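What follows is a single structure, written as structure tokens, with notes after it.
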Amino acid sequence: MIQIGDRVQIDGTTLAWATVVAILPGVGDRPTMYRVRLEQEITAPTLTPTPNERWVDEGMIYGPFMDQPFGWND
């Protein structure tokens, strides 16, 4: 089970390392959502104060990974 503070990987075009900062539990048909802080810096213009954070659903998250510098497919 993924918890706040866990180091995870986010699936997208490539796998990206992130830390879970908030969890929105799933209700009914809505899946669990995780707010993650990506380890890479994002410099694109944004309306949020933290451009390297985003919400992802449970199907896009792998982990948790503990103290290892590589992912599940390395």
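Bear in mind that the values here come from a model prediction, so they are computed numbers and not experimental data.
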Minimum heavy-atom distance [X]-[Y], with the two atoms named:
X: Met1; Y: Asp6; value: O-OD2, 3.9 Å
X: Val8; Y: Pro64; value: CG1-CA, 4.2 Å
X: Ile10; Y: Ala18; value: CG1-CB, 3.9 Å
X: Asp11; Y: Arg54; value: O-NH2, 4.3 Å

Taking [Y] as the starting point, is it possible to reach [X] by hopping between hydrophobic residues whose side chains are less than 4.5 Å apart?
X: Val36; Y: Ile4; result: yes
X: Val56; Y: Met33; result: no
X: Leu38; Y: Met60; result: yes
X: Tyr34; Y: Trp55; result: no

Pairwise side-chain contact, Glu58 with Ile2, heavy-atom cut-off 4.5 Å (strictly under): no

Any Ile61 side-chain heavy atom under 4.5 Å of Val20 side chain: yes

Spacing of CD belonging to Glu39 relative to CZ belonging to Arg37, to within rounding of 0.5 Å: 11.0 Å

From CZ (Arg30) to CG (Asp57), nearest 0.5 Å: 11.0 Å

